[in-house]
Each structure stands twice: as C-alpha cells, then as structure tokens.
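Every number for a ligand or one of its atoms is a count from 1 in the order of the listing. Keep in mind the model is a prediction, meaning the values are calculated, not measured.
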Amino acid sequence: MTTRNDAISAFEAHVSSGKVAFFRRFGMDFVMGERSGPFLHDLGGGKKLFNLHVNGGVFNLGHRNPILVDVLKASLDRLDIGNHHLISAERAALAQELAGLTPGDLDYAVFGSGGGEAVDLAIKAARAYTGRSGILSARGGYHGHTGLAMAAGDAKYRRPFGPQPPGFLQVPFNDPTALEAALDETVAAVILETVPATLGMVLAQDGYFSEVRRLCDRAGALLIMDEVQTGLGRTGRFWGFSHFDLLPDLVVVGKGLSGGLYPISATLLRQPLESVFHEDPFIHISTFGGAELGCPVARKVLAICSQPDFLSHVQTLARLFREGFEALQKRYSGFYRGTRQLGLMMGLELQDDLCGPILSKCAFDQELLMVYANNAPAVCQCLPPLNMASDQVPWVFERLDRAMAAAADFRDALG
Ligand SMILES: Cc1ncc(COP(=O)(O)O)c(C=O)c1O
C-alpha cells in the first residue's frame, strides 16, 4: 500500500511540485484517502475533514454515495463508454430527463466530460446560431480553463498562455448599464453564473437578471446561464436561475451531475438552437462526452435532486446555516462582516483579502474543508453536501466557531 509520504513524494516528482510546496508551506499537505458521506480522511488515517467545499458541487450527494455507487456498479455490468457517433439509448434517456426538468423548450442536451467543455460548446452554439462572435461575461466570473471558457474568464488565468481569442469582453456583474453599453449587434451571447462563486458568491440585485434577459432580447443576443455550481438543488430549487423567473437560451451543467463518480457535463439548448447541428451533425464531437457508463449515475442524481423532499431538506439546512451564521457574526463582527446566501450557495464576507485564506487554514485545523473565493479572497465559500444530516449542523458550527476565533486572533496579530 502506498504510504502518505510516498504519495506526496511521487506527486511532487511527477504531478505538481508547486502544489506540494504550497500545501507544505501552510501545513495542509493532506492526501485524500478513505472517503464517505461528508467526510474525507488523510491517507493512512489520522486527520479527517468535513467537506464544506464539495469541489463546487461534485460531492453534492456526499462522497461515494452508496445509491450512486450501486448504479455505477450495475452500469459496469452491462455498459462501457459507448460510441459517440452512434445513436445511444443511454444518452437519449438522460437528455430526455434533463429536458423534463428544465423549463420552456430547453429540450436538447449536448454532453461533455467537464464544465469547461460544456461552456465551450455553449459559446460555439451561440456563435453558430446568431452568426455573431462577441461574448460578454462578468468580470471576476469563472467558467473553466478550457479554450473559450478560459477566454470568458479573467486575464490572470490566461496571461501566460499566449494570445487571447478575439471577441470576448467582461463587464461588471450586477451592472445593467455597463452590460447595455457593451451589448451591440456583434454580441452572440452573454454568459453568467447564476451566483458567481469565484467572485465571492455575489448575489444578483433585484431585477438584474430580468434586465439582462431584456437587454439580450433587444440586442438579439443569447443568454447562457452557467449552472455548474448552482444547478441540481444547490440553491434549494432544482435550477438556480428559477429564483429569477428566467428562461435562458442555453444552460451549462456539470460537477454534481457526475454524482462524484463518473465525469459528465451537459449543455442544454433551446429547441431552435439545435438547428446549428443540422447541416453537419458531426461538426462537434466529444469522445467521452456523455459516456454511457455515467448516464445512469447522472439520471439517478437527477431523480434524487429533483425530489420535493430533497429540495425542502436543502431549504431546511439553508435556514439552519443562516441561523448559525447570524450567531457567529454577532460574536466575531469585526472579522466576519456579512453572509451571502442563496440556499446552500453561501459565502462569508470577512474583514479583508487576507482573511479568506486565514479562515480556510484555521477551518482546516478544525477538520473543516472550506475554500476562499479565488477572485475575492475576502470571502470564504461554504458549500456543504446537500444531503448532510440536519443534526450534523451543530457539530459544524462548533468547529467553525473555534476556527473563526483562531482566524480573528491571527488577523489581529498581523495588525
Ligand atoms: C461556474 C463554473 N463553471 C464552469 C466550471 C468549469 O468546470 P470544469 O472544472 O469541470 O471544467 C467551473 C469549475 O469550477 C465553475 O465553477
């Protein structure tokens, strides 16, 4: 059996020396070993962590969810990757179920393996359909690290990697005036996260999304909603965008669709947009996109996450977290300034940019895995598994209280 130290050395020598140096420096050189439900354990035992990050939604249903593991095992008894050129009963069934859970005529699904790939396809489809090339996105938003998704993101993630493809422009989130000024007849689509996570869980102001929809319609541009983190029940509704009475033209879903077990993503298209593939249905392909082994897992994820009881459990958890945060904020009001929350899509607004990383480290020391927002480090994200038990919430808050005390003291000591 590989020991913890062997794993770290091999990772350092063959995967990423930079990551090992980073985690060592902060005393966070944890190696993921056994995992189940909300917990992950350091390889070989010892430290455990309660997952309050869930990889942005991948582990919405916990680690190695036994129902999903059984579905994947059953898939392995009869399926393989499948053939991405042929007609597939598994992909058809999954696409049909996605269409049934999505409003309006969002009837078609193009499958990929990851969120970035699905964003790339959304942008390609929008460009092909409109015959335009411009893409507007939110400054500080995040859509992945693949080609077009990366181009829609912040410059810091692209700078070392050569020229930027033309046609991309970022505007501030929550600023319809800036969007209106940029939305001319060259714009194919506006792409937005429903709650920009990497920007610090910023909540849309009242009327923002309906104004975005109106401006897109007026300019003849399409609206792509990136639901990679907010979809599948995270916000207490099945789709995050449904809080805003919005019908997007394209929806991107990933992460949680995998059940944490088999990578899969999808770009959902309104019915007329599928015409972009009529002339040549093979113009876009993805060898592993919608691999048949993963389709039954994804269908089970949809079945679980769309249950009214499941969504009301998410809402109950969201209330318990809100109450817990209110109490914490009273105790640490200098350090902890406010909470951003839509269901279980949550961010803690802290004193300044040093505080997100400090709280992440202090939470780690208290057995909580929490990650600060990369494009707004004054905000620490909090994304618990959607199926955690309500009676685990007090344990989480006991730990969070200690983490917050240590983090506030540490910040004070820095002056
Ligand atoms: C909102 C959003 N969109 C897209 C992506 C890209 O997904 P992936 O890493 O699977 O390519 C991410 C990943 O974190 C994300 O948070």
| Pairs flagged by ring-ring contact (aromatic ring centres under 6.0 Å, His included) wherever residues 239-264 is involved - sequence neighbours left out | Phe209-Phe244, Trp239-Phe241

| note | Residue pairs passing the ring-ring contact (aromatic ring centres under 6.0 Å, His included) test with at least one member in residues 101-130, sequence neighbours excluded, are none

| task | Look at the rings of Phe30 and Phe364 and say which category their plane angle falls in: under 30° parallel, 30 to 60° tilted, over 60° perpendicular. | result | perpendicular

Quick one: ligand 1 N/O to protein N/O pairs below 3.5 Å?
| residue | atom | partner | partner atom | Å |
| --- | --- | --- | --- | --- |
| ligand 1 | 3 (N) | Asp226 | OD1 | 3.3 |
| ligand 1 | 3 (N) | Asp226 | OD2 | 2.7 |
| ligand 1 | 10 (O) | Gly115 | N | 2.8 |
| ligand 1 | 11 (O) | Gly115 | N | 3.3 |
| ligand 1 | 11 (O) | Gly116 | N | 2.7 |
| ligand 1 | 14 (O) | Lys255 | NZ | 2.9 |
| ligand 1 | 16 (O) | Gln229 | NE2 | 2.9 |

| task | Sort out for me which residue in Phe397, Phe39, Phe59 forms a ring pair (Phe, Tyr, Trp, His ring centres under 6.0 Å) with Phe50. | result | Phe39

| field | Residues forming a ring-ring contact (aromatic ring centres under 6.0 Å, His included) with Phe11, sequence neighbours excluded | value | none

| query | Are Glu227 and Arg234 ion-paired here, with the side-chain N under 4.0 Å from a carboxylate O? | reply | no

